[in-house]
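So that the names make sense, note that chain A is the first sequence line, chain B the second, and so on, each numbered from 1.
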There are 2 protein chains.
Amino acid sequence: MTIQIGELSKRTGVNIETIRYYEKEGLLVSPPRSSGGRRQYENPHVNRLSFVKRCRELGFSLKEVRVLIDLVDGGYTCSQIQAITLRHQQEIKQKIADLKRLDKTLGEMSARCSGTEQPDCPVIDALFAGKMAN
Amino acid sequence: MTIQIGELSKRTGVNIETIRYYEKEGLLVSPPRSSGGRRQYENPHVNRLSFVKRCRELGFSLKEVRVLIDLVDGGYTCSQIQAITLRHQQEIKQKIADLKRLDKTLGEMSARCSGTEQPDCPVIDALFAGKMAN
DNA sequence: CTTGCTCCTGTAGTTACTACAGGTAGTACG
DNA sequence: CGTACTACCTGTAGTAACTACAGGAGCAAG
């Protein structure tokens, strides 16, 4: 019941090149090879790759994913995982706050635009004068 | 009234290496050099670099900054600039929405944690099972 | 036996910098 | 005048997380 990399890619939705990249980076164990040198995957590989993919979808960096995998492999406690999750969530919240500030400033700037074909624009003025909201 | 790169860096808050990088990328014009080969900047250079810096602070990519600079140099209309600004703002809004979804999912996952020293965690379960909220 | 698909390795490109290494300009001090 | 010290110079490599080839081989079908 082994599958090749193309099938693994289809099942997980992870690009073939990315799978090989993850293997090179040590996020996935190197699978056995066929006589012709092709990677032969089984269910555990599918599960692990799905795990990595979901971590990535949640915005964890590969470095963080590596930490999570090591914990899963080596033994972990709920409080450890929760701490990592909460720290990551804090970073996300920070990014949201930063982006909201940008959104607000951009909105204020473009709101003053006439939107006409005049060679004069409050956005450009603000960018030159540095009168940006914070 | 010329200044050297160190002074330009201090006045704009842009790293020296970054200034040279911007020049190499064509975002800043190459300034005249002293007899010893050092870059000699004047006020227009300070203004342009400040412009680039503010664009970056608003989240514009260097590519977008290049477009803005070309417009400023070659003539622009308010409606052109407004369009670029609004498009950029839409991207920011999209990122905010994406991050909010992550934040929500992470919050829901960690809320189910016992936070104890047990080798069992709903976050890990969710990552393996793929029962993630969208 | 040749077509055609999947797979292999290895390298380069992407974004926006940052961090050196190794060398020169310019100034101040003794 | 020599030397120490700082600021500057170029050019290359490293960062994150992939993606995109180039050039070649395995494998099944006709």
Check: Considering only heavy atoms and no angle criterion, is a donor-acceptor pair shorter than 3.5 Å present between the side chain of A:Arg56 and the base of D:dA17?
Finding: no

Checklist line | A:Pro32 backbone acceptor or donor facing A:Gln40 side chain under 3.5 Å | finding: no

Notebook entry, point to check: How many angstroms lie between CG in B:Leu62 and OH in B:Tyr21, if you round to the nearest 0.5 Å?
Noted result: 5.5 Å

Next item on the list: Give one of base, sugar-phosphate or nothing for A:Arg20, where a contact means two heavy atoms less than 4.0 Å apart.
Entry: base

Checklist line | Residue mapping more 5' on DNA chain D - nearest nucleotide basis, A:Gly37 or B:Arg39 | finding: B:Arg39

Margin query: Closest approach to the side chain of A:Ile5, judged atom by atom: which nucleotide of D:dT10, C:dC8, D:dC8 is it?
Written below: C:dC8

Note to self: Quick check for you: among C:dC7, C:dA19, C:dG26, whose closest atom lies nearest to any side-chain atom of B:Glu17?
What the structure shows: C:dA19

Next item on the list: Could you tell me whether the phosphate oxygens of D:dT19, OP1 or OP2, come under 4.0 Å of any side-chain nitrogen or oxygen in A:Thr18?
Entry: yes

Notebook entry, point to check: Does C:dC17 have OP1 or OP2 sitting under 4.0 Å from an N or O in the side chain of B:Tyr22?
Noted result: yes

Check: If you check every side-chain atom of B:Arg33, which of C:dT6, D:dT10, C:dT18 has the closest atom?
Finding: D:dT10

Notebook entry, point to check: Which pairs, with at least one residue in residues 83-97 of chain A and sequence neighbours excluded, count as a salt bridge (Lys or Arg N to Asp or Glu O under 4.0 Å)?
Noted result: A:Lys93-B:Asp103

Margin query: When you measure from the side-chain N and O atoms of A:Gln4 to the phosphate of C:dT6, is any distance below 4.0 Å, counting only OP1 and OP2?
Written below: no

Item checked: 5'-most by nearest nucleotide on DNA chain D - A:Lys24 or A:Ser34 -> A:Lys24

Notebook entry, point to check: For DNA chain C, which residues in residues 41-49 of chain A have a heavy atom at a distance below 4.0 Å?
Noted result: none

Checklist line | Smallest separation among heavy atoms of A:Arg48 and A:Leu28, with atom names | finding: CG-CD2, 3.6 Å

Checklist line | Distance below 4.0 Å between B:Asn15 side-chain N/O and C:dT18 OP1 or OP2 | finding: yes

Next item on the list: Please work out if A:Glu25 contacts a base, only the sugar-phosphate, or nothing of the nucleic acid, heavy-atom cut-off 4.0 Å.
Entry: nothing

